[in-house]
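So the structure is just underneath, and the comments pick up after that.
So that the names make sense, note that chain A is the first sequence line, chain B the second, and so on, each numbered from 1. Keep in mind it's a predicted model, so treat the numbers as computed, not measured.
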Amino acid sequence: MRSSWADSVANAESSASASRSSYVPPHLRNRPPSSDPPVPSHSSAPIAPAARPSGYSGGTSGGSRWSAGSVRDTGRFNSGGGGWNSRTGGWNRGREREVNPFANDDDKNEAALNDQENSGINFDAYEDIPIETSGDNVPAPVNTFAEIDLGDALNQNIRRCKYVKPTPVQRHAIPISVAGRDLMACAQTGSGKTAAFCFPIISGIMKGGHFVQKPPGSRTSFPLALILSPTRELSVQIHEEARKFAFQTGVRVVVAYGGAPINLQLREMERGVDILVATPGRLVDLLERARVSLQMIRYLALDEADRMLDMGFEPQIRKIVEQTDMPQRGMRQTMLFSATFPREIQRLASDFLSNYIFLAVGRVGSSTDLIVQRVEYVSDSDKRSHLMDLLHAQRANGAHGKQALTLVFVETKRGADSLEHWLCLNSFPATTIHGDRTQQEREMALRSFKSGATPILVATDVAARGLDIPHVAHVINFDLPNDIDDYVHRIGRTGRAGKTGLATAFFNENNSSLARPLLELMQEANQEVPDWLSRFAVRSLHGGGGRNRRSGGGARFGGRDFRRDGSHNRGGGSDYYTGAGGGAGYGTAPAAYGGNYGGAGVVSAWD
DNA sequence: AAAAAAC
């Protein structure tokens, strides 16, 4: 009784529409139905519900509690057909209703053929990445996914994603997480960070049977894992990724964020949620309504963790982590990921961690050689005409007469609107994304940009972090940020996954405080630094600058565990620094990381 | 100082 993939998808669609109005995930809203092709390209891997892998570890023992199907049989999900995590029916029905998360990949397949398939990772670009780890008994890294016992269903999805081998951050982070250890990881977003924390979570949920009964009639959901991110779009993106990894594992992933109708999100949660991806505000709302309990949380992941713990977010995060029924640190597994990790933020973060391992993936010296960084002196009054020059030149060079995707960062929301308006007046197809737009407008803008319909996107810092937008050829810092970290995240929207990119910054007197950190960053990345910028840097040293140095300069492109600093005495210190965890070929060489920068301040791994 | 994040 083996049905085809197409059949199962068709079943899923018809059964979804047969019962109540079919739920459309937020990230799929406003799309014509036809953009959801029913027949995936992976014809070689048709996994119908009836043809699921029978055993977790590839064995023939179909009754293994690790098998994908049996997850729903543990009682937790499906006690007597009315399991609290599947109110609308047994797992079979839930399975059929699962929309194929790979369906939309079809339109990308053409582009994906030439590189490392869908992963898009150019592994050659990551050959010489140095790794630093510290902490007690660091688990050894792996070289293949097969070395990690993630389970058949997850392995299937890894194949469907066309991930051939783990990226450096995955090689190290996954064994650490699978071993149950807390983790602070400094790594590039585009190199597979989401997978690095999703794989262990999904695998762990599948392995651990849970038998908690939801009180009858209660509408509270009890997710087992919580993934927080600082922007709605990033949460949507993480949800999209996680759904692929969790496809047909029985593990349900739900996203909740503000600006979108809460009822749809509530309904999704009522159908069961194992992994909740959320932005902080909406989660607090859900907690106050008692629609979510964090009592069962076994995994907590903070993406862009340094942003989540900065001044704007820290109170909310503290509330969520420390003032709810979430198990205390040590009783849950906590994973923090970011590309930048200022030392003071590391200190804050250690409140949430228990005997954690610090991992930094970065390359010394040549970190951003995939991104060509340019700085141009442009006075405020010349910025628009200068931008137009750049865009004209780019259009002339563009392939197929198409404008290459260009992401333009500005400082303020008003500035974003104004610049977009001006660009459109001048016949440049642009749109904008910022926090004053409705969520619908924001998601529309992002789609329109990704598709190339409006190849110019004017953005505030809402788009600076984490967003994976393929084919961004050029990032223009029309207004430079005040913080070098933000610059690092912004330019990281290009040159992703081993591809090259261009980043242009408009610099003038107003950016003096950024001169020195920018100079250091560019020198370290072997970028050509204009003489006038060096003069600005020297000048800013005398002019009472240093406000951007975050207690003394930035150690970039390589991590440093703040526990290594002499000033930090936590339980005797040296125990934490047990080396590189068997990373053959990778030296710990702490001196190589930021030694030139006084060892203080920002830690970064070039995203 | 701005941006983000709930209604």
Side-chain angles (χ1 to χ4, degrees), chain A residues 26 226-239 254-266 269 276-292 294 302-321 323-324 338-340 342 345 380 407-420 432-443 445-446 457-467 477-490 493 508-514 545 547-548 550:
Chain A
L226 177 63
I227 300 172
L228 293 174
S229 93
T231 66
R232 298 164 181 173
E233 286 77 12
L234 187 52
S235 281
V236 167
Q237 178 181 301
I238 294 167
H239 174 241
V254 175
V255 66
Y257 57 95
I262 199 169
N263 282 338
L264 296 176
Q265 295 170 4
L266 289 173
M269 290 199 307
L276 179 61
V277 185
T279 48
R282 177 54 61 90
L283 177 61
V284 168
D285 188 6
L286 293 169
L287 288 165
E288 285 170 354
R289 297 176 189 221
R291 298 301 293 262
V292 169
L294 302 180
L302 302 191
D303 201 5
E304 308 297 341
D306 60 332
R307 169 63 82 235
M308 303 303 282
L309 295 173
D310 79 5
M311 287 205 315
F313 275 117
E314 197 227 356
Q316 269 181 312
I317 301 302
R318 225 171 250 291
K319 176 173 183 171
I320 291 167
V321 178
Q323 286 156 42
T324 66
S338 184
T340 51
I345 301 284
D380 283 344
L407 185 48
V408 183
F409 281 104
V410 297
E411 192 65 15
T412 65
K413 295 178 277 198
R414 268 192 62 187
D417 280 335
S418 149
L419 184 57
E420 179 221 21
T432 181
I433 185 169
H434 61 70
D436 273 355
R437 304 200 81 195
T438 68
Q439 191 55 29
Q440 249 189 352
E441 289 171 329
R442 285 166 57 159
E443 290 178 24
L446 203 51
L457 180 64
V458 182
T460 61
D461 268 330
V462 70
R465 282 175 173 258
L467 293 187
N477 274 292
F478 187 89
D479 301 318
L480 273 164
N482 293 317
D483 188 328
I484 190 67
D485 272 0
D486 294 330
Y487 174 84
V488 169
H489 285 275
R490 286 178 176 187
R493 295 318 100 206
N508 62 41
E509 287 78 7
N510 298 328
N511 311 114
S512 296
S513 65
L514 197 67
R547 283 197 321 161
N548 270 309
R550 292 211 192 186

- If a stem is a run of at least 3 consecutive Watson-Crick or G-U pairs, both distances under 3.5 Å, which stems include DNA chain B? none
- Message: Test of understanding: with side-chain hydrogen bond (donor to acceptor under 3.5 Å, both in side chains), list the residues that count as partners of A/Thr432, not counting sequence neighbours.
- Response: none
- Message: Please enumerate all residues that pass salt bridge (Lys or Arg N to Asp or Glu O under 4.0 Å) together with A/Glu420, with sequence neighbours excluded.
- Response: none
- Query: Does the side chain of A/Arg232 pick up a donor-acceptor pair with the side chain of A/Gln439 at under 3.5 Å?
  - Reply: yes
- Item | Side-chain N or O of A/Thr279 closer than 4.0 Å to phosphate OP1/OP2 of B/dA4 | no
- Query: For A/Arg307, which contact category applies under a 4.0 Å heavy-atom criterion: base, sugar-phosphate, or nothing?
  - Reply: nothing
- Those residues at least two apart in sequence (or on a different chain) that pass side-chain contact (heavy atoms from CB on, under 4.5 Å) with A/Thr231 are A/Glu233, A/Leu234, A/Val462
- Task: Under 4.0 Å between any heavy atoms, over every strand shown, what does A/Gly312 touch: base, sugar-phosphate, or nothing? Just pick one.
- Result: base
- Using a heavy-atom cut-off of under 4.0 Å over every strand shown, decide if A/Val462 touches base, sugar-phosphate, or nothing. sugar-phosphate
- Task: Not counting sequence neighbours, which residues clear ring-ring contact (aromatic ring centres under 6.0 Å, His included) with A/Phe313? List them please.
- Result: none
- Query: How would you list, by chain and number, every residue that makes a salt bridge (Lys or Arg N to Asp or Glu O under 4.0 Å) with A/Arg414, sequence neighbours excluded?
  - Reply: none
- Task: Could you tell me whether A/Arg442 contacts a base, only the sugar-phosphate backbone, or nothing, with contacts defined as non-hydrogen atoms closer than 4.0 Å?
- Result: sugar-phosphate
